[in-house]
Amino acid sequence: MKITAVIMAGGRGERFWPKSRNSRPKQFLSLTADGETMIQKTVNRLLPIVEYEDIFIVTNAAYIGLVKEQLPGIPEENILAEPCARNTAPCIAFAAAVIGRKYDDAVMLVLPSDHLIGFEDMYISTLKKAVDVSLEGKNLVTIGITPNYPETGYGYINFGEECGSAYKVKRFVEKPDLPTAKEYLASGKYLWNSGMFVWKISSVMANLKEFMPGIYEGAIRIGEAFGSSGFEEVLVREFSAFTSESIDFGIMEKASDIYTIPGNFGWDDVGSWLAVERINEVDDSKNYIEGNVISIGSERATICGGKRLIAAVGVEDIIIVDTDDAVLICSKNNTQDVKKVIAQLKESGRNELV
């Protein structure tokens, strides 16, 4: 059966401000020394298992130009532009309907555009196992990440009995507090929810029909109109009417035949500026330094310079990021609060900085 991939690339990456902006969010930035952007890495690592012409990008209409610029080999008809933000369930339904129109049925790998993978051969091997499991009946498969510390910022997957190369999912749980996360880690029965899914088009559409009939019916109409002169009108009308809901809540927490495969391939969701020191080489003082920077006596600092010189003297556990029009200075303990800066900028009408 044909294997396709759907890359979800509509997010704003607000925790990577000031480099990530509405005009060029995180997935279109390079955060590693090799110069490849996040979305380029996501696509390129898939090529051992998916043909380039079978990769579909679902993104915000404002980012079509960026997708074309960074992924010139993706067929234009494979760039699916959401007219508005409606979370992952409408995004996936839209893509499934379009791919189903093209191939009738196919395996669909659903992947975020802004994750990094350390061991790509192991990643491809895991995806192949997931494809095999997805071909059995109406199985829906999610890739879980084997936790190595009690993370409170991720949702978790509680799994049960082993079924071949996968495990039956017992339940999905929301982000836990620290004591609960420690319990999950100690039990050995929980995985981090990575947001990566594998299933047949027919399987996910059957579950949409059962659990999210409004989105299913709208997606069918979008698929039927795909390629016609009236497609844009139908897309805007139907997609805008969808409820904003995640695929986790809409289907995965309700459906049967849900399986998970543990992933041990060096996954990083690159969720905040803290990730930069994890994914790049640091110096002997655990600093990550790039750009026009002089660092004296600094420790455990992430400093990304721009045109202006940054002179950092004796700073510790800090993040400094310079761009042409804004500078971020942030304690490593408060990286999640970068989003609050954006909220204040919006409230004060300074949208040119968002």
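What's counted below: heavy atoms across the whole structure, side chains too, no hydrogens, waters or symmetry copies.
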What is the distance from atom [atom1] of [X] to atom [atom2] of [Y], rounded to the nearest 0.5 Å?
{"X": "L235", "Y": "F226", "atom1": "CG", "atom2": "CZ", "result": "10.0 Å"}
{"X": "T302", "Y": "N280", "atom1": "OG1", "atom2": "CG", "result": "9.0 Å"}
{"X": "L208", "Y": "I247", "atom1": "CG", "atom2": "CD1", "result": "5.5 Å"}
{"X": "S272", "Y": "R278", "atom1": "OG", "atom2": "CZ", "result": "6.5 Å"}
{"X": "E245", "Y": "F211", "atom1": "CD", "atom2": "CZ", "result": "12.0 Å"}
{"X": "E151", "Y": "L185", "atom1": "CD", "atom2": "CG", "result": "11.0 Å"}

Is there a side-chain contact between [X] and [Y], using heavy atoms and a 4.5 Å cut-off?
{"X": "K128", "Y": "I124", "value": "yes"}
{"X": "Y184", "Y": "P150", "value": "no"}
{"X": "D269", "Y": "S194", "value": "no"}
{"X": "Y154", "Y": "I145", "value": "no"}
{"X": "D317", "Y": "N333", "value": "no"}
{"X": "I92", "Y": "M8", "value": "yes"}
{"X": "C330", "Y": "T335", "value": "yes"}
{"X": "D114", "Y": "F16", "value": "no"}

Between [X] (side chain) and [Y] (backbone), is there a donor-acceptor pair under 3.5 Å?
{"X": "T146", "Y": "P262", "result": "no"}
{"X": "E277", "Y": "V282", "result": "no"}
{"X": "W273", "Y": "W17", "result": "yes"}
{"X": "D257", "Y": "K138", "result": "no"}
{"X": "N78", "Y": "I55", "result": "yes"}
{"X": "Q27", "Y": "G11", "result": "yes"}
{"X": "S348", "Y": "L345", "result": "yes"}
{"X": "T4", "Y": "V107", "result": "yes"}
{"X": "Q40", "Y": "T37", "result": "yes"}
{"X": "S285", "Y": "N287", "result": "no"}

Query - K346 and E14 ion-paired at < 4.0 Å - result: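 Yes, K346 and E14 are salt-bridged.
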Can you see which heavy atom on [X] is nearest to which on [Y], and at what distance?
{"X": "V198", "Y": "A130", "value": "CG2-CB, 3.7 Å"}
{"X": "P112", "Y": "M196", "value": "CD-CG, 3.8 Å"}
{"X": "C91", "Y": "V58", "value": "SG-CG1, 3.6 Å"}
{"X": "G144", "Y": "T260", "value": "N-OG1, 3.5 Å"}
{"X": "F94", "Y": "A81", "value": "CE2-O, 3.9 Å"}
{"X": "I57", "Y": "A9", "value": "CG2-CB, 4.0 Å"}

Report task. Check the pair V169 / M252 against side-chain contact (heavy atoms from CB on, under 4.5 Å), numbers first and verdict last. Result -> CA-CA 9 Å; V169 171; M252 302 301 283; over 6 Å; no
Requested in this report: Name the orientation class of the two ring planes belonging to Y156 and W192 (parallel below 30°, tilted from 30 to 60°, perpendicular beyond 60°).
Outcome: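 It falls in the perpendicular class, over 60°.
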Indicate, with yes or no, if [Y] and [X] share a hydrophobic cluster defined by side-chain heavy-atom contacts under 4.5 Å among Ile, Leu, Val, Met, Phe, Trp and Tyr.
{"X": "F231", "Y": "V236", "value": "no"}
{"X": "L46", "Y": "I143", "value": "yes"}
{"X": "M108", "Y": "I215", "value": "yes"}
{"X": "I49", "Y": "V141", "value": "yes"}
{"X": "I3", "Y": "I117", "value": "yes"}

Taking atom [atom1] of [X] as the centre, report whether more than 12 heavy atoms of other residues, nucleotides or ligands fall under 6.0 Å from it.
{"X": "E69", "atom1": "CD", "result": "yes"}
{"X": "E51", "atom1": "CD", "result": "no"}
{"X": "E352", "atom1": "CD", "result": "yes"}
{"X": "E162", "atom1": "CD", "result": "yes"}
{"X": "D105", "atom1": "CG", "result": "yes"}
{"X": "E316", "atom1": "CD", "result": "yes"}
{"X": "K254", "atom1": "NZ", "result": "yes"}

Query raised in the report: So, is the end of the K168 side chain (NZ or CZ) under 6.0 Å from the ring centre of Y259 and within 45° of the ring's axis?
Result: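 Yes, K168 sits over the ring of Y259.
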Requested in this report: Step by step, work out the side-chain contact (heavy atoms from CB on, under 4.5 Å) result for I261 and F159.
Outcome: CA-CA 9 Å; I261 295 179; F159 63 90; over 6 Å; no
Report task. Evaluate side-chain hydrogen bond (donor to acceptor under 3.5 Å, both in side chains) for R308 paired with N292, printing each intermediate quantity in order. Result -> CA-CA 7 Å; R308 293 169 292 196; N292 192 9; over 6 Å; no
Query - Verdict with supporting geometry, Y190 and R171, side-chain contact (heavy atoms from CB on, under 4.5 Å) - result: CA-CA 10 Å; Y190 288 81; R171 64 186 179 123; 2.7 Å; yes
Requested in this report: Take N60 and R12, measure what side-chain contact (heavy atoms from CB on, under 4.5 Å) needs, and give me the verdict at the end.
Outcome: CA-CA 10 Å; N60 186 291; R12 297 298 174 91; 3.5 Å; yes
